[in-house]
Amino acid sequence: MEAHVADYTLLPDIEGVDKTIESLKDDGDEFSSENSFKNVPVPPWWEQITVRGLVVSAVLGSVFSLITHKLNLTVGIIPSLNVAAGLLGFFFIKSWTLLLSKLGIWSKPFTRQENTVVQTCVVACMGLAFSGGFGSYLLGMNGKTYEKLGPDYPGNRIEDIKDPSLGWMTAFLFTVSFLGIFSLVPLRQIMILKYKLTYPSGTATALLINSFHTPEGADTASKQVACLGRFFGGSFLWSLFKWFWSGIGDNCGFDNFPILGLKAFANTFYFDFSMTYVGVGLICPHIVNCSVLLGAIVSWGIMWPLIAAQEGKWFPANLPSSDFGGLYGYKVFIAIAFVLGDGLYNFLKISFVTLKTIYAQTRNHQQLPVITGQVAEHLSEDEKRRTDVFLQDGVPLWVAVCGYVALACVSMMVVPRMFHALRWYYVLGAYILAPVLAFCNAYGTGLTDWSLGTTYGKLGLFVFAGWAGSNGGVMAGLAGCGVMLSIVSTASDLMQDFRTGYLTLSSPRSMFISQLVGTVMGCIIAPLTFWLFWTSFDVGNPEGEYKAPYGVLFRTMAIVGVEGLSTLPPHCVELCYILVVAAVVINTARDVLPKNVAAYIPIPMAMAIPFYIGAYFAIDMFIGTVILFFWQRLSKRADVYAPAVASGLICGDGIWSVPSALLSLAKINPPLCMMFVKATDAIGGG
């Protein structure tokens, strides 16, 4: 799974994935071939799915769902936690088997196939915490988001409200989350064997799992787990220490530390001592972190002060800070324009690459034939063995077709009852078109490692909002976004899993079932973990810790889909056009210039993140990237341990959310408040 942003997918670190693959290969043939596993029998598919594996998957799925929600509701950048999931899955089950052996109790050996099943379950579970829309389209429906825009805002109707509740959120996820799994199962041989799509993240995950189950790799994995544990504990204790100073209200503590001065603090340039986003900076590539910081400087350092200077000319003076008729509206719409410009460019680019490659494949008569029951003679021994296993345990075509049709019928009956504006024929149209879009996205992901699931989701948002019109178009757009996003994202994730299973000799049937089981877990765990945040904290408060910024963005996009551009403040349309063109120009430069030059050109999608949210987290991420930069210069092992350190920092801070929520529910407030004010204000107040 790639690094995500709450309303779109962030450009994955393709070069980083390639380095991971090459470093694993360079460490020995045992990581990239089947030499170390020649005499190890492949267990049947039903032995690859174990009770202990499912228990570990549920525990880790809960942990990573909490972390995903925390990231979703604060800034929205969600890095890939596959390494942490693989490491912890390996550690827990390996520790369990060792403990039982010391007690003299026999236990089934821990295989790489079981490790792959655990990985698949965990990723499917925490994936729903993202694609379920808890930080985006679902929050766009609730009353707090409606109140943020204000009842006088054109197109913002009180009828278009649906507040979160465990019942309907769980039912909605169960209704729409499984169709993507069934949509592309019949094409697995074509995608993996015929077209030989690489799915770089899936390949890197497979090589990592293979390495765990060799003597050298197991030793490295143990050291990585120990490193993760140390930084997990340190991050958790630091979050506890920060809590003591956070007082009552939103202006106390280290989260509001004006390390660059009060003037910079007023423009959101400060370090909030968040170990989560320092960890994110360690995982994300340097160009992403630098792009985020550059976006913060361009927006909060230049654009917003210049637009604010037009107060009284472009927009009325003395408007509330959250009034869409003032500066707030410019921030939201310009951020949306930059995101959509980048998304449109990459949608067209990847669609072109996909169609061009498919056309070339159909004209190439020397491609690998897909022959059920036998393996092409020209394959290497490793490929023959992998292909043979991949062809053995398939999912029958009738299961995929009947499953998709049955789930689509259920969805057409259930979803319109939840969202009356989303008619049954809207849902039918989505499910007729979805397999085509899912194929395009899965194929593009296999080529580029870049999923456009959220781009397809936003496309559905505008289509359904415009289709329904002023009578419920906002709710229809938001709900339709969820339907499209769920199908397209899940389908590409499943193909990544098939690629991982192919390289670890895991049965496609066990991959399919583990994806189903992980999705079931996610449909239960994701709403429950979100509900912990929703009931314990003031989610959606622009001044609080959990700002949930993308709820406003998604609701605004739905309103634009219904009302058009007439709702934008003066001169905002022109500025939006400029940002769309800028995103296209920057992306074009990244694609046409030589690689050694393009590597230093910022990524528009990453630049857009702080436009609306603020600059503070960009400081955190930049500190993380500076630490990694010097670490890489001082040690060749930095790339091995950096993901473990980053995962420990993110997990420790994320798990602190649980005791923090319990303290909040118990009405136990922090004992101290550390606050910084101007000396003149302090004297005046005294």
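All residue numbers refer to positions in the sequence shown, counting from 1. Because the structure is a prediction, the values reported are computed rather than measured.
Within the 4.5 Å cutoff, side-chain heavy atoms of Gln632 are placed close to those of Leu628. Under the 4.5 Å side-chain criterion, counting only non-hydrogen atoms from C-beta, Ile487 is not in contact with Val176. No side-chain heavy atom of Gln48 sits less than 4.5 Å from a side-chain heavy atom of Thr111. Looking at Phe629 and Leu634, their side chains never come closer than 4.5 Å, going by heavy atoms from C-beta outward. The shortest side-chain heavy-atom distance between Phe110 and His213 falls under the 4.5 Å cut-off. The side-chain heavy atoms of Gln392 and Ser507, taken from C-beta on, include no pair separated by under 4.5 Å. A 4.5 Å side-chain heavy-atom check between Phe236 and Pro659 finds at least one atom pair inside the cut-off. No side-chain heavy atom of Val118 sits under 4.5 Å from any side-chain heavy atom of Phe90.
Between Met275 and Leu649 the shortest heavy-atom distance is O-CB, 3.6 Å. Taking each heavy atom of Ala661 and Ser536 in turn, the nearest pair found is CB-OG, 3.3 Å. In terms of heavy atoms, Phe64 sits closest to Cys651 at CE2-SG, 3.9 Å. Across all their heavy atoms, Ala599 and Ile287 have their closest contact at O-CD1, 3.5 Å. Scanning all heavy atoms of the two residues, the minimum distance from Asn210 to Arg112 falls at OD1-NH1, 2.9 Å. Of all non-hydrogen atoms in Ala548 and Val539, the two that sit nearest each other are CB-CG1, 4.0 Å.
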Less than 3.5 Å apart, which donor and acceptor atoms pair up between the side chains of residues 524-535 and the rest of the protein, not counting sequence neighbours?
{"residue": "Thr529", "atom": "OG1", "partner": "His69", "partner atom": "NE2", "Å": "3.1"}
{"residue": "Thr529", "atom": "OG1", "partner": "Ile525", "partner atom": "O", "Å": "2.8"}
{"residue": "Thr529", "atom": "OG1", "partner": "Ala526", "partner atom": "O", "Å": "3.0"}
{"residue": "Thr535", "atom": "OG1", "partner": "Trp531", "partner atom": "O", "Å": "2.7"}

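Taking the ring centroids of Phe254 and Trp238, they lie under the 6.0 Å cut-off.
Cation-pi geometry between Arg386 and Phe390 is not satisfied (NZ or CZ under 6.0 Å from the ring centre, within 45° of the ring normal).
Annotation: salt bridge (Lys or Arg N to Asp or Glu O under 4.0 Å) contacts of Lys242 (sequence neighbours excluded): Asp255. In this structure, the side chain to side chain contact (heavy atoms under 4.5 Å, CB included) partners of Val488, at least two apart in sequence or on a different chain, are Leu437, Asn441, Tyr456. With sequence neighbours left out, Ser489 forms a side chain to side chain donor-acceptor pair (under 3.5 Å) with no residue at all. Under the salt bridge (Lys or Arg N to Asp or Glu O under 4.0 Å) criterion, Arg509 pairs with no residue at all, not counting sequence neighbours. Residues satisfying the salt bridge (Lys or Arg N to Asp or Glu O under 4.0 Å) test with Lys223, not counting sequence neighbours, are Asp219. For Phe498, there are no ring-ring contact (aromatic ring centres under 6.0 Å, His included) partners, not counting sequence neighbours. Residues meeting the side chain to side chain contact (heavy atoms under 4.5 Å, CB included) test with Val55, sequence neighbours left out: Val51. Not a single ring-ring contact (aromatic ring centres under 6.0 Å, His included) links Phe91 to another residue, sequence neighbours left out. Scanning for ring-ring contact (aromatic ring centres under 6.0 Å, His included) contacts around Phe512 gives Phe182, with sequence neighbours left out. Partners of Val517 according to the side chain to side chain contact (heavy atoms under 4.5 Å, CB included) rule, which considers only residues two or more places apart in sequence or in another chain, are Leu54, Cys121, Ile513, Met521. Legend: residues meeting side chain to side chain contact (heavy atoms under 4.5 Å, CB included) with Phe271, ordered by chain and number and at least two apart, are Ile259, Phe273, Val278, Ile619, Asp620, Ile623.
Taking CD1 of Ile67 as the start and CD1 of Ile655 as the end, the distance is 5.5 Å to the nearest 0.5 Å. In this structure, OG1 on Thr97 lies 10.5 Å from NZ on Lys102, to the nearest 0.5 angstrom. To the nearest 0.5 Å, atom CZ of residue Arg499 and atom OG1 of residue Thr205 are 11.5 Å apart. Taking CZ of Phe231 as the start and CD1 of Ile650 as the end, the distance is 13.0 Å to the nearest 0.5 Å. Between Leu494 atom CG and Thr120 atom OG1 the span is 9.0 Å, to the nearest 0.5 Å. Atom CD1 of Ile181 and atom CD of Gln515 lie 5.0 Å apart (nearest 0.5 Å).
No donor-acceptor distance shorter than 3.5 angstrom exists from the side chain of Thr625 to the backbone of Phe622, with no hydrogens or angles considered. A donor-acceptor contact shorter than 3.5 Å links the side chain of Thr50 to the backbone of Gly53. With hydrogens and angles disregarded, a donor-acceptor distance shorter than 3.5 Å links the side chain of Asn289 to the backbone of Cys284. One N or O on the side chain of Tyr199 and one on the backbone of Ala442 form a donor-acceptor pair closer than 3.5 Å. Distance alone, capped at 3.5 Å, is enough to place a donor-acceptor pair between the Thr74 side chain and the Leu71 backbone. Side-chain atoms of Ser510 never come within 3.5 Å of backbone atoms of Trp45 as a donor-acceptor pair (strictly under, hydrogens ignored). Put simply, the side chain of Ser660 never gets that close to the backbone of Trp656: no donor and acceptor are under 3.5 Å apart.
Side-chain polar atoms of Ser506 and Gln113 form no donor-acceptor pair below 3.5 angstrom. There is no side-chain donor-acceptor pair under 3.5 Å between Thr116 and Thr500. Between the side chains of Asp653 and Ser239, a donor-acceptor pair is found at a separation under 3.5 Å. Inspection of the Ser492 and Tyr443 side chains reveals no N or O donor paired with an N or O acceptor under 3.5 Å. Remark: the Gln119 side chain and the Asn115 side chain contain no N/O donor-acceptor pair separated by less than 3.5 Å.
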Kindly determine whether Cys523 and Phe178 satisfy side-chain contact (heavy atoms from CB on, under 4.5 Å), including the steps that lead there. CA-CA 10 Å; Cys523 289; Phe178 294 90; 4.0 Å; yes
Working for side-chain contact (heavy atoms from CB on, under 4.5 Å), residues Val185 and Met495: CA-CA 8 Å; Val185 168; Met495 285 300 157; over 6 Å; no
Show the numbers, then the answer: is there a side-chain contact (heavy atoms from CB on, under 4.5 Å) between Leu179 and Ser486? CA-CA 8 Å; Leu179 282 101; Ser486 177; over 6 Å; no
For Tyr502 and Leu193: C-alpha separation, side-chain torsions, deciding distance, then whether side-chain contact (heavy atoms from CB on, under 4.5 Å) applies. CA-CA 10 Å; Tyr502 171 74; Leu193 298 182; 3.8 Å; yes
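With respect to the salt-bridge test (charged N to carboxylate O, under 4.0 angstrom), the residues Arg52 and Glu114 qualify.
Counting non-hydrogen atoms of other residues, nucleotides and ligands closer than 6.0 Å to CZ of Phe439 gives a total above 12.
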